[in-house]
Amino acid sequence: MDLDTVRTFVAAADTGQFQEAAAELAVTQQAVSKRIAALERTLGVRLFTRTARGAELTIDGQAFLPHARELLRVSERAVASVRPGRRPLRVDVIASRGAATGLMRAFHRANPGIDLDVVMLFDIETAVAAVRSGAIDASFRAVAAPGRPLPQDIESVRVLDEPLQLLTGPAHALAGARSVTMDQLAGHRIWMPGIVPGTEWAAYYDDLVAEFGLTIEATGPNFGSDALLDTVADTPALATFMGGRTRLVWPAGHGLRRIPVTDPTPVYPHSLLWRRDNPHPALATLRAHLAATAAGRDTAGTWTPDWVLPR
């Protein structure tokens, strides 16, 4: 059913005059007559009776009027739901406990009036496709992994360099250290079952291993962070890397240690991706917020892979 004809019907019913309806809609009286006639053909009933005073609703017209008004209200709500600034800003943060979630929580605290939808997409190809299609407005990623340049219509900006920390149990050989150097980590087993081949974080840790001769093991099923913490706490031979802004809570009896890594400090580079022509006004607000609160990037004494975008 054509909404213009429905809108014309409601205007004519409210004014009781095709001429006044035409003036309200900024069309000719002939156009109003044609639209009403088209709607009557679609419905198979007469909606108006012409009188000396104008146009009066028939019984069928009276029955159809409240439904016509509801059709227009539904149409207005549908348009509003996708109008820039009226729908929530949709942002991919990859995981619920990571640094990107912390960035979005800080943004929400600073801008409580902006509606947000937070989603979690696994790999960068899915995230980029969702940004390009408009399914999401932005995504936090480490870009650009080797051989995976971003499409021309995708923009990115580096927003956070997150230092890695060593997480050990209380019986680990390095548990008492106030900090550890990259050289001191050589020969120790670092267990990270969440590394999935083909992801940007797998590319990051591959380069970290190659650069510093580390031993990172991704063996065994990934049962999540709680199982990882349990195993590290109980296994003196194992440690793991943890982002400095990763939010984790573990039982007091675990006795886990988070130890800074130095000389150099490996940092995980978080960038924000978005489509260049995305008009959502809250996206510009998010970018401005991140620019104002971004931590230092490419600072002295830190390490990132060569393929990480410097901006």
Side-chain angles (χ1 to χ4, degrees), residues 78-163 196 198-204 243-247 267-299 304-311:
V79 171
S81 72
V82 296
R83 184 176 293 132
R86 297 293 298 274
R87 65 166 177 79
L89 183 72
R90 290 176 58 81
V91 181
D92 162 44
V93 297
I94 306 179
S96 62
R97 296 179 177 179
T101 299
L103 293 176
M104 289 306 299
R105 290 180 65 189
F107 172 71
H108 180 61
R109 287 193 296 268
N111 301 273
I114 293 179
D115 289 333
L116 293 175
D117 278 345
V118 175
V119 302
M120 298 173 203
L121 303 178
F122 184 73
D123 62 86
I124 190 169
E125 287 86 357
T126 301
V128 169
V131 170
R132 299 187 76 188
S133 70
I136 61 174
D137 295 296
S139 175
F140 287 93
R141 295 284 153 175
V143 292
R148 296 181 184 175
L150 290 175
Q152 290 298 314
D153 57 344
I154 298 296
E155 185 64 86
S156 73
V157 64
R158 191 127 143 236
V159 296
L160 173 67
D161 281 358
E162 181 184 15
V196 179
T199 60
E200 67 261 37
W201 54 90
Y204 175 89
R245 294 203 180 191
T246 300
R247 296 175 59 88
V267 295
Y268 193 85
H270 298 274
S271 292
L272 184 74
L273 311 185
W274 70 94
R275 200 179 67 203
R276 294 179 188 273
D277 62 351
N278 186 314
H280 201 302
L283 177 59
T285 306
L286 172 61
R287 290 166 51 194
H289 171 85
L290 293 174
T293 59
R297 298 177 296 278
D298 295 322
T299 56
T304 58
D306 293 338
W307 47 263
V308 172
L309 297 179
R311 54 194 172 86

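- Checked against side chain to side chain contact (heavy atoms under 4.5 Å, CB included), Ala202 has the following partners two or more places apart in sequence or in another chain: Ile195, Thr199.
- To the nearest 0.5 Å, atoms CG (Leu290) and CZ (Arg158) are separated by 14.0 Å.
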message = For Val128 and Arg141: C-alpha separation, side-chain torsions, deciding distance, then whether side chain to side chain contact (heavy atoms under 4.5 Å, CB included) applies.
response = CA-CA 10 Å; Val128 169; Arg141 295 284 153 175; over 6 Å; no
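- Between Arg105 and Thr101, the closest side-chain pair of non-hydrogen atoms falls below 4.5 Å.
- Distance check: Glu162 CD to His270 NE2 gives 4.0 Å after rounding to the nearest 0.5 Å.
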request  = Begin with the C-alpha distance, continue with both residues' side-chain angles, and end with the deciding distance and a verdict on side chain to side chain contact (heavy atoms under 4.5 Å, CB included) for Val118 and Val91.
outcome  = CA-CA 5 Å; Val118 175; Val91 181; 5.5 Å; no
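- At distances below 3.5 Å, not a single donor-acceptor pair connects side-chain atoms of Arg90 with backbone N or O atoms of Val119.
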request  = Go through the steps for Ser139 and Leu121 under the test side chain to side chain contact (heavy atoms under 4.5 Å, CB included), then give the verdict.
outcome  = CA-CA 9 Å; Ser139 175; Leu121 303 178; 5.9 Å; no
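- Residues Asp92 and Ala127 share a closest heavy-atom pair of OD2-CB, 3.8 Å.
- Closest non-hydrogen pair, Leu283 versus Ala138, comes out as CD1-CB, 4.0 Å.
- Contact of the Val159 side chain with the Phe140 side chain is registered, since non-hydrogen atoms from C-beta on lie closer than 4.5 Å.
- Smallest separation of non-hydrogen atoms from Asp137 and Pro88: OD2-O, 4.0 Å.
- Side-chain contact between Tyr204 and Pro305: present, with at least one pair of heavy atoms (C-beta onward) separated by less than 4.5 Å.
- Rounding to the nearest 0.5 Å places CZ of Arg132 at 9.5 Å from CD of Gln152.
- Atom CG of Leu89 and atom CG of Asn111 lie 10.5 Å apart (nearest 0.5 Å).
- Here the two rings, on Phe107 and His289, have centers that are under 6.0 Å apart.
- Taking the six-membered ring for Trp and the full ring otherwise, the centers of Phe122 and Trp201 sit less than 6.0 Å from each other.
- None of Leu286, Val157, Ile136 except one satisfies the side chain to side chain contact (heavy atoms under 4.5 Å, CB included) rule with Trp274; the exception is Val157.
- Smallest separation of non-hydrogen atoms from Glu200 and Ile94: OE2-CD1, 4.2 Å.
- Ion pairing of Arg87 with Asp115 is absent here, as no side-chain N (NZ or NE/NH1/NH2) approaches a carboxylate O to less than 4.0 Å.
- A distance of 8.0 Å separates CZ of Arg275 from OG of Ser133, quoted to the nearest 0.5 Å.
- One distance of note links CD of Glu155 with CG of Leu273; it measures 9.5 Å at 0.5 Å rounding.
- Using a 4.5 Å heavy-atom cutoff, the side chains of Ile154 and Arg276 are not in contact.
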